[in-house]
Amino acid sequence: MSTQEQAVTVARRLLIDGQLVETGRTLASLDPATGEHYGYAPEAGVAEVDAAVAAARRAFDTTDWATNTQFRVHCLRQLHQALRDNVEQLRALTIAEVGATRVLTQGNQLETPIEIVRYYADLLEGYSFTEDLGPVEVRGKQHARWVEKEAAGVVSAIAAYNYPHQLALAKLSPALAAGCAVVLKGAPDTPLSTLALGEIIAEHTDIPAGVVNVLSSSDIEVGKRMTTHPDVDVVTFTGSTPVGREIMAAAAGTLKRVFLELGGKSAMILLDDADFTTAATFAAFTIVTHAGQGCALTTRVLVPEAQHDQVAQLIAANFAHVKHGDPNEPTTYMGPLISERQREKVHGMVRRAVEAGATLVTGGEKLDPGFFYAPTLLANVDPDSEIAQEEVFGPVLALIPYTDDEDAVRIANNSVYGLSGAVFGADADRARAIARRVRTGTFSINGGSYFHPDAPFGGFKQSGIGREMGRAGLEEFLESKTLAEVIA
(Lines give C-alpha, C1' and ligand atoms only; values in the text may rest on other atoms or scores of the structure.)
Protein backbone atom coordinates (compact mmCIF):
# COMPACT_ATOMS: atom_id res chain seq x y z
CA MET A 1 0.00 0.00 0.00
CA SER A 2 1.39 3.43 -0.96
CA THR A 3 1.88 6.31 1.45
CA GLN A 4 -1.04 8.14 -0.11
CA GLU A 5 -3.33 5.10 0.16
CA GLN A 6 -2.46 4.80 3.83
CA ALA A 7 -2.87 8.52 4.35
CA VAL A 8 -6.67 8.63 4.17
CA THR A 9 -6.79 6.65 7.44
CA VAL A 10 -4.61 9.14 9.33
CA ALA A 11 -6.39 10.94 12.15
CA ARG A 12 -5.25 12.44 15.43
CA ARG A 13 -6.77 13.76 18.63
CA LEU A 14 -6.25 16.80 20.79
CA LEU A 15 -4.53 16.42 24.15
CA ILE A 16 -6.34 18.34 26.90
CA ASP A 17 -5.80 17.69 30.62
CA GLY A 18 -4.31 14.27 29.99
CA GLN A 19 -7.13 13.08 27.73
CA LEU A 20 -7.04 12.50 23.97
CA VAL A 21 -10.22 14.08 22.65
CA GLU A 22 -12.22 14.81 19.51
CA THR A 23 -14.31 17.95 18.98
CA GLY A 24 -16.83 16.85 16.37
CA ARG A 25 -15.31 19.39 13.96
CA THR A 26 -12.48 18.50 11.59
CA LEU A 27 -9.54 20.24 9.97
CA ALA A 28 -8.37 18.66 6.70
CA SER A 29 -4.73 17.94 5.99
CA LEU A 30 -3.39 17.70 2.43
CA ASP A 31 -0.39 15.88 1.00
CA PRO A 32 1.44 18.79 -0.71
CA ALA A 33 3.25 16.45 -3.09
CA THR A 34 -0.05 15.38 -4.64
CA GLY A 35 -2.60 17.97 -3.50
CA GLU A 36 -4.78 15.09 -2.29
CA HIS A 37 -6.53 14.70 1.04
CA TYR A 38 -4.21 13.11 3.58
CA GLY A 39 -6.14 12.93 6.84
CA TYR A 40 -7.91 15.06 9.41
CA ALA A 41 -7.42 16.66 12.78
CA PRO A 42 -9.96 17.88 15.30
CA GLU A 43 -10.72 21.58 14.94
CA ALA A 44 -10.31 23.26 18.31
CA GLY A 45 -12.26 26.35 19.24
CA VAL A 46 -12.08 28.91 22.00
CA ALA A 47 -13.75 26.47 24.42
CA GLU A 48 -10.90 24.00 23.92
CA VAL A 49 -8.34 26.75 24.48
CA ASP A 50 -10.01 27.68 27.75
CA ALA A 51 -10.09 24.03 28.85
CA ALA A 52 -6.42 23.56 27.94
CA VAL A 53 -5.30 26.74 29.71
CA ALA A 54 -7.34 25.82 32.80
CA ALA A 55 -5.68 22.39 32.86
CA ALA A 56 -2.22 23.93 32.47
CA ARG A 57 -2.91 26.48 35.19
CA ARG A 58 -4.10 23.80 37.58
CA ALA A 59 -1.11 21.55 36.83
CA PHE A 60 1.32 24.40 37.37
CA ASP A 61 -0.31 25.80 40.52
CA THR A 62 -1.30 22.61 42.36
CA THR A 63 1.35 19.98 41.57
CA ASP A 64 5.08 19.78 42.23
CA TRP A 65 5.92 19.77 38.51
CA ALA A 66 7.58 23.20 38.70
CA THR A 67 9.79 22.25 41.65
CA ASN A 68 10.57 18.55 41.15
CA THR A 69 13.62 18.79 38.93
CA GLN A 70 14.50 15.10 38.96
CA PHE A 71 10.98 14.12 37.93
CA ARG A 72 11.18 16.54 35.01
CA VAL A 73 14.48 14.98 33.93
CA HIS A 74 12.83 11.55 34.12
CA CYS A 75 9.89 12.69 31.96
CA LEU A 76 12.10 14.35 29.38
CA ARG A 77 14.18 11.18 29.04
CA GLN A 78 10.96 9.18 28.66
CA LEU A 79 9.80 11.56 25.95
CA HIS A 80 13.12 11.34 24.12
CA GLN A 81 12.98 7.55 24.14
CA ALA A 82 9.33 7.48 23.05
CA LEU A 83 10.11 9.76 20.12
CA ARG A 84 13.02 7.54 19.11
CA ASP A 85 10.79 4.46 19.40
CA ASN A 86 8.18 6.07 17.14
CA VAL A 87 10.57 7.76 14.72
CA GLU A 88 9.52 5.76 11.65
CA GLN A 89 5.83 6.53 12.21
CA LEU A 90 6.73 10.21 12.63
CA ARG A 91 8.95 10.09 9.54
CA ALA A 92 6.14 8.77 7.33
CA LEU A 93 3.78 11.39 8.72
CA THR A 94 6.27 14.22 8.17
CA ILE A 95 7.04 13.21 4.60
CA ALA A 96 3.36 12.95 3.70
CA GLU A 97 1.95 15.98 5.51
CA VAL A 98 4.85 18.44 5.49
CA GLY A 99 6.26 17.48 2.10
CA ALA A 100 9.69 17.06 3.69
CA THR A 101 12.11 14.83 1.83
CA ARG A 102 13.23 11.61 3.44
CA VAL A 103 16.79 12.93 3.79
CA LEU A 104 15.54 16.02 5.64
CA THR A 105 13.73 13.85 8.19
CA GLN A 106 17.12 12.38 9.05
CA GLY A 107 18.17 15.88 10.10
CA ASN A 108 16.37 19.10 10.92
CA GLN A 109 12.87 17.92 10.06
CA LEU A 110 12.76 15.15 12.66
CA GLU A 111 15.81 13.41 14.08
CA THR A 112 17.72 16.54 15.11
CA PRO A 113 14.65 17.99 16.89
CA ILE A 114 14.25 14.76 18.85
CA GLU A 115 17.76 15.33 20.21
CA ILE A 116 16.63 18.71 21.58
CA VAL A 117 14.65 16.77 24.19
CA ARG A 118 17.73 14.86 25.31
CA TYR A 119 19.81 18.04 25.34
CA TYR A 120 17.47 19.69 27.84
CA ALA A 121 17.31 16.58 30.02
CA ASP A 122 21.11 16.61 30.17
CA LEU A 123 21.26 20.37 30.77
CA LEU A 124 18.67 20.20 33.53
CA GLU A 125 20.62 17.61 35.49
CA GLY A 126 23.52 20.02 35.98
CA TYR A 127 21.68 23.33 35.92
CA SER A 128 21.77 25.49 39.07
CA PHE A 129 18.55 27.32 39.84
CA THR A 130 20.30 29.30 42.62
CA GLU A 131 23.07 31.90 42.45
CA ASP A 132 24.79 33.11 45.61
CA LEU A 133 25.52 36.86 45.52
CA GLY A 134 27.47 36.85 48.77
CA PRO A 135 26.86 38.90 51.93
CA VAL A 136 26.72 42.67 52.23
CA GLU A 137 26.63 44.98 55.23
CA VAL A 138 23.57 47.22 55.49
CA ARG A 139 23.02 49.48 58.53
CA GLY A 140 25.52 47.53 60.61
CA LYS A 141 24.14 44.08 59.87
CA GLN A 142 25.19 41.32 57.50
CA HIS A 143 22.69 40.31 54.84
CA ALA A 144 22.89 37.12 52.79
CA ARG A 145 21.62 37.47 49.23
CA TRP A 146 20.89 35.02 46.49
CA VAL A 147 18.93 34.64 43.27
CA GLU A 148 16.54 31.78 42.62
CA LYS A 149 15.20 30.93 39.16
CA GLU A 150 11.60 29.77 38.94
CA ALA A 151 9.39 28.49 36.17
CA ALA A 152 7.61 31.37 34.43
CA GLY A 153 4.19 29.69 34.51
CA VAL A 154 1.72 28.73 31.78
CA VAL A 155 3.07 28.94 28.23
CA SER A 156 1.12 29.39 25.01
CA ALA A 157 3.28 27.95 22.23
CA ILE A 158 2.28 28.48 18.59
CA ALA A 159 4.28 26.80 15.82
CA ALA A 160 4.55 27.33 12.07
CA TYR A 161 4.11 24.71 9.37
CA ASN A 162 7.53 24.45 7.81
CA TYR A 163 9.43 22.45 10.46
CA PRO A 164 6.66 21.32 12.83
CA HIS A 165 8.72 18.95 15.00
CA GLN A 166 11.66 21.34 15.30
CA LEU A 167 9.44 24.26 16.19
CA ALA A 168 7.30 22.31 18.65
CA LEU A 169 10.17 20.61 20.46
CA ALA A 170 12.34 23.75 20.58
CA LYS A 171 9.51 25.34 22.57
CA LEU A 172 8.17 22.37 24.49
CA SER A 173 11.48 20.88 25.70
CA PRO A 174 12.94 23.96 27.44
CA ALA A 175 9.53 25.00 28.78
CA LEU A 176 9.10 21.57 30.41
CA ALA A 177 12.70 21.59 31.64
CA ALA A 178 12.05 24.96 33.29
CA GLY A 179 8.95 23.59 35.03
CA CYS A 180 6.30 25.35 32.98
CA ALA A 181 2.98 23.95 31.80
CA VAL A 182 2.28 24.30 28.08
CA VAL A 183 -0.56 24.74 25.63
CA LEU A 184 0.90 23.97 22.19
CA LYS A 185 -0.88 24.68 18.91
CA GLY A 186 0.36 23.35 15.60
CA ALA A 187 -0.06 25.10 12.27
CA PRO A 188 -3.32 24.46 10.39
CA ASP A 189 -1.34 23.26 7.34
CA THR A 190 0.46 20.56 9.37
CA PRO A 191 -1.80 19.74 12.34
CA LEU A 192 -1.24 15.99 12.41
CA SER A 193 2.51 16.23 12.94
CA THR A 194 2.07 18.32 16.10
CA LEU A 195 -0.85 16.27 17.43
CA ALA A 196 1.28 13.13 17.07
CA LEU A 197 3.62 14.58 19.71
CA GLY A 198 0.66 15.01 22.06
CA GLU A 199 -0.42 11.41 21.59
CA ILE A 200 3.10 10.14 22.29
CA ILE A 201 3.24 12.25 25.47
CA ALA A 202 -0.13 10.95 26.66
CA GLU A 203 0.58 7.29 25.90
CA HIS A 204 4.29 6.89 26.63
CA THR A 205 5.35 9.31 29.37
CA ASP A 206 4.61 10.08 33.02
CA ILE A 207 4.13 13.80 32.31
CA PRO A 208 1.15 14.70 34.54
CA ALA A 209 -2.24 15.59 33.13
CA GLY A 210 -2.45 19.25 32.19
CA VAL A 211 1.28 19.87 31.99
CA VAL A 212 1.16 19.48 28.19
CA ASN A 213 -1.91 20.25 26.10
CA VAL A 214 -1.83 20.08 22.29
CA LEU A 215 -4.38 21.72 19.98
CA SER A 216 -4.98 22.09 16.26
CA SER A 217 -7.11 24.78 14.68
CA SER A 218 -7.50 27.06 11.69
CA ASP A 219 -9.72 29.45 13.67
CA ILE A 220 -8.04 32.83 14.10
CA GLU A 221 -9.93 33.29 17.37
CA VAL A 222 -8.05 30.33 18.85
CA GLY A 223 -4.72 32.07 18.32
CA LYS A 224 -6.09 35.31 19.72
CA ARG A 225 -7.36 33.57 22.83
CA MET A 226 -4.04 31.81 23.39
CA THR A 227 -2.18 35.13 23.31
CA THR A 228 -4.62 37.14 25.44
CA HIS A 229 -5.87 34.61 28.00
CA PRO A 230 -5.34 36.08 31.48
CA ASP A 231 -3.99 32.78 32.85
CA VAL A 232 -1.19 32.58 30.26
CA ASP A 233 2.15 33.95 31.44
CA VAL A 234 4.38 33.44 28.38
CA VAL A 235 3.69 33.43 24.65
CA THR A 236 6.16 31.84 22.25
CA PHE A 237 5.40 32.07 18.54
CA THR A 238 7.13 31.09 15.32
CA GLY A 239 5.75 32.46 12.08
CA SER A 240 5.60 35.56 9.94
CA THR A 241 6.69 38.98 11.14
CA PRO A 242 3.26 40.61 10.48
CA VAL A 243 1.54 38.01 12.68
CA GLY A 244 4.30 38.39 15.26
CA ARG A 245 3.57 42.10 15.49
CA GLU A 246 -0.12 41.33 16.10
CA ILE A 247 0.73 38.80 18.82
CA MET A 248 3.06 41.24 20.56
CA ALA A 249 0.37 43.90 20.54
CA ALA A 250 -2.28 41.46 21.79
CA ALA A 251 -0.08 40.21 24.63
CA ALA A 252 0.65 43.76 25.77
CA GLY A 253 -2.75 44.03 27.39
CA THR A 254 -1.63 41.73 30.22
CA LEU A 255 2.13 42.38 29.83
CA LYS A 256 2.90 38.75 29.01
CA ARG A 257 6.43 37.73 28.32
CA VAL A 258 6.67 37.24 24.55
CA PHE A 259 9.20 35.23 22.56
CA LEU A 260 9.00 35.64 18.78
CA GLU A 261 10.91 33.73 16.09
CA LEU A 262 9.89 35.47 12.89
CA GLY A 263 10.90 36.05 9.28
CA GLY A 264 14.21 36.51 7.55
CA LYS A 265 15.74 37.84 4.37
CA SER A 266 19.25 36.62 4.95
CA ALA A 267 22.20 37.55 2.74
CA MET A 268 25.09 35.37 1.57
CA ILE A 269 28.13 37.50 0.73
CA LEU A 270 30.63 36.13 -1.77
CA LEU A 271 33.89 38.04 -1.31
CA ASP A 272 36.13 38.65 -4.30
CA ASP A 273 38.61 35.98 -3.12
CA ALA A 274 35.94 33.31 -2.62
CA ASP A 275 35.87 29.92 -4.32
CA PHE A 276 32.89 30.84 -6.49
CA THR A 277 32.20 27.29 -7.62
CA THR A 278 31.87 26.05 -4.03
CA ALA A 279 29.92 29.10 -2.90
CA ALA A 280 27.49 28.90 -5.82
CA THR A 281 26.84 25.24 -5.10
CA PHE A 282 26.19 26.02 -1.44
CA ALA A 283 23.85 28.89 -2.35
CA ALA A 284 21.89 26.82 -4.87
CA PHE A 285 21.37 23.74 -2.74
CA THR A 286 20.62 25.77 0.39
CA ILE A 287 17.70 27.66 -1.15
CA VAL A 288 16.02 24.49 -2.44
CA THR A 289 16.20 22.85 0.99
CA HIS A 290 12.55 22.16 1.87
CA ALA A 291 11.65 24.15 -1.26
CA GLY A 292 12.94 27.35 0.32
CA GLN A 293 10.52 27.17 3.25
CA GLY A 294 12.99 28.13 5.94
CA CYS A 295 13.16 31.45 7.75
CA ALA A 296 16.96 31.34 8.10
CA LEU A 297 17.78 30.38 4.51
CA THR A 298 20.06 32.77 2.63
CA THR A 299 17.72 34.14 -0.05
CA ARG A 300 19.91 37.06 -1.21
CA VAL A 301 23.30 36.31 -2.77
CA LEU A 302 25.63 39.33 -2.89
CA VAL A 303 28.40 39.04 -5.49
CA PRO A 304 31.16 41.37 -6.73
CA GLU A 305 30.03 43.16 -9.89
CA ALA A 306 32.80 41.57 -11.94
CA GLN A 307 31.71 38.04 -11.02
CA HIS A 308 27.92 38.57 -11.22
CA ASP A 309 27.36 36.78 -14.53
CA GLN A 310 29.78 33.98 -13.69
CA VAL A 311 28.01 33.24 -10.41
CA ALA A 312 24.62 33.40 -12.12
CA GLN A 313 25.73 30.72 -14.57
CA LEU A 314 27.14 28.54 -11.77
CA ILE A 315 23.95 28.73 -9.70
CA ALA A 316 21.75 28.01 -12.72
CA ALA A 317 23.90 24.97 -13.55
CA ASN A 318 23.43 23.67 -10.01
CA PHE A 319 19.68 24.23 -10.15
CA ALA A 320 19.58 22.00 -13.23
CA HIS A 321 20.75 19.08 -11.07
CA VAL A 322 18.11 19.50 -8.34
CA LYS A 323 15.79 16.50 -8.39
CA HIS A 324 12.24 17.26 -7.29
CA GLY A 325 9.33 14.89 -6.89
CA ASP A 326 8.02 12.29 -4.45
CA PRO A 327 9.59 13.30 -1.12
CA ASN A 328 9.48 9.70 0.02
CA GLU A 329 12.07 8.72 -2.60
CA PRO A 330 15.58 8.72 -1.09
CA THR A 331 17.07 10.51 -4.13
CA THR A 332 14.58 13.41 -4.12
CA TYR A 333 16.32 16.61 -3.03
CA MET A 334 13.47 19.14 -3.22
CA GLY A 335 9.91 18.56 -2.12
CA PRO A 336 6.81 20.73 -2.67
CA LEU A 337 5.62 23.98 -1.21
CA ILE A 338 3.04 23.48 1.50
CA SER A 339 -0.05 24.64 -0.42
CA GLU A 340 -1.36 26.11 -3.65
CA ARG A 341 -1.86 29.36 -1.76
CA GLN A 342 1.84 29.51 -0.94
CA ARG A 343 2.80 28.58 -4.50
CA GLU A 344 0.65 31.40 -5.87
CA LYS A 345 2.34 33.83 -3.48
CA VAL A 346 5.80 32.75 -4.62
CA HIS A 347 4.85 32.88 -8.30
CA GLY A 348 3.34 36.34 -7.91
CA MET A 349 6.50 37.69 -6.29
CA VAL A 350 8.68 36.26 -9.08
CA ARG A 351 6.46 37.81 -11.77
CA ARG A 352 6.54 41.20 -10.06
CA ALA A 353 10.33 41.01 -9.70
CA VAL A 354 10.73 40.50 -13.46
CA GLU A 355 8.31 43.35 -14.14
CA ALA A 356 10.42 45.53 -11.82
CA GLY A 357 13.58 44.86 -13.85
CA ALA A 358 15.16 41.66 -12.45
CA THR A 359 16.50 39.13 -14.94
CA LEU A 360 14.89 35.68 -14.79
CA VAL A 361 17.84 33.35 -15.34
CA THR A 362 16.03 30.07 -14.71
CA GLY A 363 12.85 28.75 -13.13
CA GLY A 364 9.82 30.90 -12.45
CA GLU A 365 7.28 28.18 -13.18
CA LYS A 366 4.90 25.85 -11.40
CA LEU A 367 5.58 22.13 -11.56
CA ASP A 368 2.82 19.54 -11.34
CA PRO A 369 1.39 17.44 -9.78
CA GLY A 370 1.20 18.81 -6.26
CA PHE A 371 2.52 22.20 -5.17
CA PHE A 372 6.05 22.16 -6.61
CA TYR A 373 7.86 25.25 -7.86
CA ALA A 374 10.97 25.26 -10.03
CA PRO A 375 14.24 26.46 -8.45
CA THR A 376 14.36 30.09 -9.54
CA LEU A 377 17.24 32.52 -9.99
CA LEU A 378 16.68 36.25 -10.42
CA ALA A 379 19.76 38.26 -11.35
CA ASN A 380 20.59 42.00 -11.39
CA VAL A 381 18.19 42.50 -8.51
CA ASP A 382 17.70 45.98 -7.07
CA PRO A 383 18.53 45.68 -3.33
CA ASP A 384 15.56 47.92 -2.49
CA SER A 385 13.02 45.96 -4.55
CA GLU A 386 10.26 43.76 -3.14
CA ILE A 387 12.02 40.51 -4.02
CA ALA A 388 15.13 41.68 -2.11
CA GLN A 389 13.22 42.98 0.89
CA GLU A 390 10.24 40.66 1.47
CA GLU A 391 10.30 37.05 2.59
CA VAL A 392 9.36 34.72 -0.28
CA PHE A 393 9.36 31.31 1.44
CA GLY A 394 10.02 29.47 -1.78
CA PRO A 395 13.00 28.22 -3.83
CA VAL A 396 13.90 31.68 -5.16
CA LEU A 397 17.33 33.33 -5.06
CA ALA A 398 17.94 37.04 -5.65
CA LEU A 399 21.42 37.77 -7.05
CA ILE A 400 22.61 41.29 -6.15
CA PRO A 401 25.87 42.88 -7.36
CA TYR A 402 28.01 45.00 -5.02
CA THR A 403 31.10 47.20 -5.43
CA ASP A 404 33.28 46.58 -2.34
CA ASP A 405 33.16 45.17 1.21
CA GLU A 406 31.52 48.29 2.59
CA ASP A 407 28.81 48.10 -0.04
CA ALA A 408 28.25 44.39 0.66
CA VAL A 409 27.77 44.98 4.39
CA ARG A 410 25.45 47.91 3.69
CA ILE A 411 23.27 45.82 1.38
CA ALA A 412 23.24 42.86 3.78
CA ASN A 413 22.06 45.13 6.61
CA ASN A 414 19.54 46.88 4.36
CA SER A 415 16.64 44.84 5.72
CA VAL A 416 14.07 44.97 8.51
CA TYR A 417 15.14 41.40 9.25
CA GLY A 418 18.24 40.07 10.97
CA LEU A 419 17.95 36.33 11.36
CA SER A 420 20.88 34.76 9.58
CA GLY A 421 23.56 35.20 6.93
CA ALA A 422 26.68 33.77 5.39
CA VAL A 423 30.01 34.78 3.91
CA PHE A 424 32.50 32.97 1.67
CA GLY A 425 36.09 34.15 1.36
CA ALA A 426 39.63 32.77 1.31
CA ASP A 427 40.92 35.20 3.96
CA ALA A 428 39.44 33.86 7.20
CA ASP A 429 40.11 37.06 9.18
CA ARG A 430 38.41 39.17 6.54
CA ALA A 431 35.43 36.80 6.40
CA ARG A 432 35.05 36.88 10.20
CA ALA A 433 35.25 40.67 10.17
CA ILE A 434 32.38 40.78 7.65
CA ALA A 435 30.37 38.31 9.73
CA ARG A 436 30.68 40.48 12.84
CA ARG A 437 29.40 43.55 11.00
CA VAL A 438 26.22 41.94 9.68
CA ARG A 439 23.43 42.37 12.23
CA THR A 440 21.93 38.93 12.51
CA GLY A 441 21.40 36.35 15.25
CA THR A 442 23.18 33.52 13.41
CA PHE A 443 25.87 33.48 10.75
CA SER A 444 27.77 30.92 8.67
CA ILE A 445 31.39 31.42 7.62
CA ASN A 446 32.58 29.37 4.64
CA GLY A 447 29.75 26.88 5.07
CA GLY A 448 29.93 26.54 8.86
CA SER A 449 26.82 24.97 10.44
CA TYR A 450 25.48 26.72 13.56
CA PHE A 451 22.24 24.75 13.95
CA HIS A 452 22.40 22.38 16.92
CA PRO A 453 20.41 21.89 20.16
CA ASP A 454 23.10 23.62 22.25
CA ALA A 455 23.34 26.72 20.01
CA PRO A 456 20.97 29.66 20.67
CA PHE A 457 18.85 30.50 17.62
CA GLY A 458 16.98 33.75 17.01
CA GLY A 459 17.19 37.09 15.32
CA PHE A 460 17.90 40.79 15.49
CA LYS A 461 15.50 43.55 14.44
CA GLN A 462 12.14 42.32 13.13
CA SER A 463 13.30 38.71 12.96
CA GLY A 464 12.23 38.27 16.53
CA ILE A 465 12.75 38.56 20.25
CA GLY A 466 14.59 36.02 22.40
CA ARG A 467 16.40 32.77 21.63
CA GLU A 468 15.47 29.12 21.20
CA MET A 469 17.75 26.20 22.09
CA GLY A 470 20.88 26.27 24.20
CA ARG A 471 20.95 27.56 27.79
CA ALA A 472 19.35 30.76 26.51
CA GLY A 473 16.34 28.73 25.37
CA LEU A 474 15.80 27.37 28.87
CA GLU A 475 16.13 30.80 30.46
CA GLU A 476 13.36 32.19 28.24
CA PHE A 477 11.00 30.20 30.48
CA LEU A 478 12.49 31.17 33.85
CA GLU A 479 11.86 34.11 36.18
CA SER A 480 14.54 35.40 38.54
CA LYS A 481 13.70 36.10 42.17
CA THR A 482 16.21 37.93 44.38
CA LEU A 483 16.10 37.04 48.09
CA ALA A 484 17.91 38.39 51.15
CA GLU A 485 17.94 37.71 54.88
CA VAL A 486 19.74 39.10 57.89
CA ILE A 487 22.41 36.65 59.06
CA ALA A 488 24.29 38.63 61.75
Side-chain angles (χ1 to χ4, degrees), residues 11-25 41-83 85-86 89-90 114 116-117 120-121 124 150-159 164-165 168-186 191-217 222 225-226 229-236 474 477-478:
R12 299 290 174 193
R13 292 165 289 174
L14 310 180
L15 175 59
I16 300 177
D17 203 10
Q19 300 298 311
L20 295 170
V21 299
E22 300 277 0
T23 65
R25 306 176 304 277
E43 178 89 77
V46 171
E48 283 75 29
V49 176
D50 288 345
V53 172
R57 187 81 260 168
R58 184 169 59 252
F60 183 79
D61 291 341
T62 66
T63 75
D64 71 345
W65 174 257
T67 57
N68 193 336
T69 303
Q70 285 308 308
F71 181 57
R72 299 201 303 277
V73 170
H74 162 75
C75 289
L76 285 168
R77 296 209 183 284
Q78 276 188 325
L79 177 56
H80 175 259
Q81 187 59 53
L83 293 169
D85 292 344
N86 288 274
Q89 171 194 346
L90 292 170
I114 288 174
I116 295 173
V117 184
Y120 280 107
L124 189 55
E150 301 178 358
V154 173
V155 176
S156 277
I158 303 172
H165 301 300
L169 292 173
K171 299 177 187 304
L172 188 62
S173 304
L176 295 180
C180 295
V182 181
V183 179
L184 169 67
K185 186 182 87 69
L192 304 176
S193 296
T194 306
L195 292 181
L197 299 179
E199 292 192 0
I200 288 171
I201 288 168
E203 295 171 349
H204 300 288
T205 77
D206 296 327
I207 295 174
V211 168
V212 178
N213 306 269
V214 186
L215 307 178
S216 57
S217 182
V222 165
R225 184 63 172 163
M226 288 181 66
H229 197 295
D231 284 337
V232 168
D233 302 294
V234 180
V235 176
T236 172
L474 173 66
F477 298 101
L478 294 172

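Atoms CZ and CG, from R58 and D17 in turn, are 4.5 Å apart once rounded to the nearest 0.5 Å. To the nearest 0.5 angstrom, D231 atom CG is 8.0 Å from D61 atom CG. Separating the NE2 atom in H74 from the CG atom in L79 is a distance of 11.5 Å, to the nearest 0.5 Å. Within the model, atoms CZ of F71 and CG of D206 stand 5.5 Å from one another, a figure rounded to the nearest 0.5 Å. Summarising the geometry, atom CG belonging to D85 is positioned 10.0 Å from atom NE2 belonging to H80; distances are rounded to the nearest 0.5 Å.
Counting only heavy atoms from C-beta outward, the side chains of T23 and E48 approach each other to under 4.5 Å. Contact of the L172 side chain with the V117 side chain is not registered, since no non-hydrogen atoms from C-beta on lie closer than 4.5 Å. When side chains are defined from C-beta on, K185 does not count as touching V49, because their heavy atoms never get closer than 4.5 Å. Side-chain contact between L15 and N213 is absent, with no heavy-atom pair separated by less than 4.5 Å. Within the 4.5 Å cutoff, the side chain of R57 has no heavy atoms near those of the H229 side chain. Looking at heavy atoms from C-beta onward, V212 lies out of side-chain contact with T205 at the 4.5 angstrom threshold.
In terms of heavy atoms, L474 sits closest to P174 at CD1-O, 3.6 Å. When all heavy atoms of A59 and G210 are compared, the closest pair comes out as CB-C, 3.7 Å. Annotation for L76 and S173: closest pair CD2-O, 4.2 Å, computed over non-hydrogen atoms. Closest approach of L184 to A168, counting heavy atoms only: CD2-CB, 3.9 Å.
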Compile the donor-acceptor pairs under 3.5 Å between side chains in residues 150-157 and protein atoms, sequence neighbours left out, one pair per line.
unit_1	atom_1	unit_2	atom_2	d
E150	OE2	K481	NZ	2.9
S156	OG	M226	O	2.8

Taking distance alone, no hydrogens or angles, what donor-acceptor pairs closer than 3.5 Å link side-chain atoms of residues 192-200 to residues at least two apart or in another chain?
unit_1	atom_1	unit_2	atom_2	d
S193	OG	E97	OE1	2.7
E199	OE1	R12	NH1	3.2
E199	OE2	R13	N	3.0

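Heavy atoms of other residues, nucleotides or ligands lying less than 6.0 angstrom from CD of E203 number more than 12.
For R225, the salt bridge (charged side-chain N to carboxylate O under 4.0 Å, His left out) partners at least two apart in sequence or on another chain are D50.
Proximity of a side-chain donor or acceptor of W65 to a complementary backbone N or O of R72 within less than 3.5 Å is not detected.
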